[in-house]
Each structure stands twice: as structure tokens, then as C-alpha cells.
2 protein chains.
Amino acid sequence: MKTSSPSDAGMPAEPKYSETALRILEAAERLFVELGLEATSLRLITQQAGVNLAAVNYHFRSKDALFEAVFARRFEPWARECLRELERLEARSSAGTARFDAEAVVMCYVRPALALSKDPSRGGALFVRLFSRVLVENHRALRETLSRDWGHLVTRYTEALGRVLPGLSAEEIAWRLHLGFSVMFHAFAGNDILKLFGRSAVSARDPDLIVKHVVPFVLAGMGAAPRFGDGTP
Amino acid sequence: MKTSSPSDAGMPAEPKYSETALRILEAAERLFVELGLEATSLRLITQQAGVNLAAVNYHFRSKDALFEAVFARRFEPWARECLRELERLEARSSAGTARFDAEAVVMCYVRPALALSKDPSRGGALFVRLFSRVLVENHRALRETLSRDWGHLVTRYTEALGRVLPGLSAEEIAWRLHLGFSVMFHAFAGNDILKLFGRSAVSARDPDLIVKHVVPFVLAGMGAAPRFGDGTP
DNA sequence: CAGCGTCTCAAACGTCTGTTTTAAACATAC
DNA sequence: GTATGTTTAAAACAGACGTTTGAGACGCTG
């Protein structure tokens, strides 16, 4: 095999999938992103993976469990990276070697998404597209897992953003984070309204280019002065 | 019936659906939003609508055609409103009775979305949620219709935004519009990452509240200074 | 009352779905 | 070399799916 860097810091990075299971995961990932969960049949997955139909129910328990495995395989490393980035920023800020501002916090979750998008061995931009689907459709089981195991991640980012935008209420902070996450995910996923209307102009599949346009937008949005009561300034 | 204001400016506003067809449209709309196209069966739709299964294929040709009808019924009035708002702004701006700035342009598409969200007789926020799904999944037939019949709408908004943000390149303008549309739609649709992680805080179903938080964010983002080459200012 | 579209209804169509079952191939350890 | 647990293979399962059919009910207009 090729995976696992020498020092696996504590956690078991990958549940050690067999060759067959891996082929299934990869075909499923591509198809779930392209067609969605419901529109993708196990027969199509196994056919494209070049494995037998029954292998899915053997290696993963069910179609739903397969979906969760596909999601978790990409999500967990990414989420860990986001957390590590934030902790590193906090450490370097305490040491006085880095500024703790909005851009630094935003880059803590942009950087991992960028790295993921540029790494074909981790599926490239596929996962971001999958995540943007999960965000819109809502898969019960996944939501439970996320809020149980990764709720603290969001909490940490909320606190961090609160520190760098001291003038804003907790509610306002939550909104800024929500909007900031949202715009980044859908931009990375390429969910483009202009494209939907055949007026693309933004063809950009290049992740670096996406960052270049999204980050200034998000930073400006997050730092905006809040609007009072209704209209009247 | 209750619809149609006295002076229907030219176009046939609604294709005059029969009672049964309307019940189907309404049940389908709700279910498509909740479960998605593939996961919603015609049997479930007709059951909730209290009509016979075959009625769907009689009134609409097929399941796909039903979906397009559901979409078009809400989309077209909304799109027409967006166009009218923009034309009104241009007229009032020429007459010197209104300022032609970024906020005015953004409000041209926010206002119709807000009005729609607050009007239960037009399905309330359901359509925005449906639209956000369409944006992520991509339904071939719908994309063709949109780019053929409504591509000019996007073109008009791109031009308008170019006028109020004169310092930016055409590519940059397209990006700002893409991101601005995107964040508004997903905010109205309630596609909230914080909610996904069980850290809601932004429960806000109130459309006015959404506007209050989204508009400053979008305006600031659109007016941001673009980022040069890479990092170095 | 006859004639004729419009519409509803129950039943059936063939196909595809996720899942299970059975048997066979395989590797590794005794 | 045989035993053992793991992985694959092909076929079959019951059920749900979108769609079609053909007969009948309804409300018209003549």
C-alpha cells in the first residue's frame, strides 16, 4: 500500500479497507456526487468498480452505511486538519508569532479545503461537492453523527470568530460564520447560478483561483458593519 | 378562484391548472423540497394530494415534466419580478429619483425573494429551498430551459453590477454576482452548516431577519477590494 | 336524450431496486 | 494437506418504481 505516514499521531487514520472495498468507495464517491444518493444504484457502483454486487453488502452493511463510509473517509481527515490549523493559530498567536485576525481564522478552514481540492489521491474537489449536497439534502444519520462527533469543531470556530470580531453579538457571529462557510463550500463545489443560466464566465475549476476570489468576499462580508433595526442607519 | 390581478400585463401568468392538477403541484412541491426528486415517489405525492395515481401522468406527462412544472410555476413569476425591479431601478435612476448603487442592485433580487418567502399562497420559502436544490443537483432539462429562456436575466444583472462596481474586471464582476446570489439563496433556504452540526443559534426562519443579516454581508463582499496575484498586496 | 370531450379510477405492465442466499475460490495456519 | 476464516461469484428474493391501459363517471352542448 501507499498510505499512512510514518508517525500516525494517535488516531487510526484509515480503517484499513481491502482492495475491493476501496474500489467500491471510489466509484461510489464519484457517482454519489454526480447523481446523488437516491439516483445511484448499487449495481451501477459495483459495475464501475469492477466488483460483484454482493460485495457492497458484505464490506459495508447497507447502501446507507456505504454512503456514511464514503463521507467519513474524506470528512474526518479534513475536519481534523481544520481543528489542528485553529490550534496552531492559537498557539502561534499566544507566542506572538502570528496575528489572530479574521483572515487568519478564515484561512484555517480554507487552507484544508484548498489542500484537499488539489490532492487527487484524496478525491480532489469531489468531497466538497459531496459536502455541499449533504448541506442541502439532509441525511438524518449523517446529521446525528456530525453533531455528536464534530459539534465542538463549529463551537471552536464560533469562539475564534468572536474573538476577532469583538463588536458583534453572538447571534451576529453565528450568522457570519454560517454565511462564510456557506459561500466557501458552494464556491469550491462549483454550484454556480451563472453556470445554471448558461452565462458562465467563471469557469474556474482551479482551486487557487477560487480562493483568490472567495476569500476577499468572505473577509469583507464578515467584517461588515451590522445593519440596525430596519433600514434607517 | 383567487389569483390574477385585473391587468395581466401581456403574458399568461398561470396555465390555468385544474383543481386536481393544483393539488398535485402543491403536494409535489412540498415533497420535492423535503425529500428530493428521486426520493419522492408518485405514489406518495398522489396519496398526500388525495388524488389517483394516474392523474399525474394525465395532467403532466411524466414525473420529470411534473418537476419542471412545479419549478416553473414559482420561478417564472419570481424571475419576472426580478427583471421588473431592475428595469424600474434603471428608469428611476435615469429620472434622477433613485441612486444606482450596489445596494439598489442587490435589493432588486432580494426584494422579490423576500416577498415570495413571506407569501404562503405562493408556497412561502419552499421555492427558495427547491431552487437551492436545483443549484446543487443538476437537472439537465431544467438547465436547458433556464439558459434558453432566462439567460438574459443573468446578463442584465451582470451589466448592472458592472456599472455600480466600475473598478472591477468582467471576470471579477461575474464572481461577485455568483457569490452574492449563492449566499442569498442558501441563506433563504436555511442551508445552515451550523445547524448541520447541531450548533444552530441562527434558528431564524423569519425572512426579514435573514435579509437583515445577509444584505450587509453580501454588499460588503461585493464591494471588497480584489486580491492581487498571490497574497502580497 | 344523445353525443362528446374531460377527467377519474382500479388494475396491471415490465423494469429496477436493495438485500439475501447459496456455493465456490482463496489465502493462511496447523 | 487439510482445516479455517475470509472474500468473491451468480442467482434469486420480494417489493417499489414510473408508466400504461381500458372502462366508467361526470358535466357539458346540441
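Each chain gets a letter, A, B and so on, in the order its sequence line appears, and its residues count up from 1.
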Check residues 60-69 of chain A and write down every donor-acceptor pair under 3.5 Å in which the side-chain atom is one partner and the other belongs to a residue at least two apart or another chain.
| from | atom 1 | to | atom 2 | distance (Å) |
| --- | --- | --- | --- | --- |
| A:S62 | OG | A:A65 | N | 3.2 |
| A:K63 | NZ | A:L37 | O | 2.9 |
| A:K63 | NZ | A:T40 | O | 2.7 |

**Asked** Step by step, would you call A:R23 with A:E26 a salt bridge (charged side-chain N to carboxylate O under 4.0 Å, His left out)?
**Response** CA-CA 5 Å; A:R23 312 245 317 249; A:E26 253 145 54; over 6 Å; no
**Message:** With a 4.0 Å limit, can you tell me whether B:H59 has a side-chain N or O closer than that to the phosphate oxygens OP1/OP2 of C:dT6?
**Reply:** no
**Request:** For the residue pair A:W175 and B:H213, categorise the inter-ring angle as parallel (less than 30°), tilted (30 to 60°) or perpendicular (more than 60°).
**Result:** parallel
**Prompt:** Reading nucleotides 12-23 of chain C from the 5' end, what letters show protein touch, with B for base, S for backbone sugar-phosphate only, - for no heavy atom under 4.0 Å?
**Reply:** B----BBBBB--
**Message:** Determine whether the aromatic ring centres of residues A:W78 and A:F188 are separated by less than 6.0 angstrom.
**Reply:** no
**Asked** Do the charged groups of B:E87 and B:R84 touch, with an N to O distance under 4.0 Å?
**Response** no
**Asked** Which nucleotide, D:dT6, D:dA9, C:dA10, lies nearest any side-chain atom of A:N52?
**Response** D:dA9
**Fill in**
Sorted by number, residues from residues 23-34 of chain B placing a heavy atom under 4.0 Å from DNA chain C are none
**Prompt:** Between the main-chain N or O of B:D208 and the side-chain N or O of B:K118, is there a donor-acceptor pair closer than 3.5 Å?
**Reply:** no
**Prompt:** Between A:Y58 (OH) and D:dA10 (P), how many Å, whole number?
**Reply:** 18 Å
**Asked** In terms of ring plane angle, is the pair A:F75 and A:F127 parallel, tilted or perpendicular, where the classes change at 30° and 60°?
**Response** tilted
**Request:** Begin from the C-alpha positions of A:E81 and A:R122 and carry the test salt bridge (charged side-chain N to carboxylate O under 4.0 Å, His left out) through to its verdict.
**Result:** CA-CA 14 Å; A:E81 242 181 284; A:R122 289 202 284 158; 3.5 Å; yes
**Length of the line joining B:E19:CD and D:dG27:C1', which is rounded to integer Å** = 16 Å
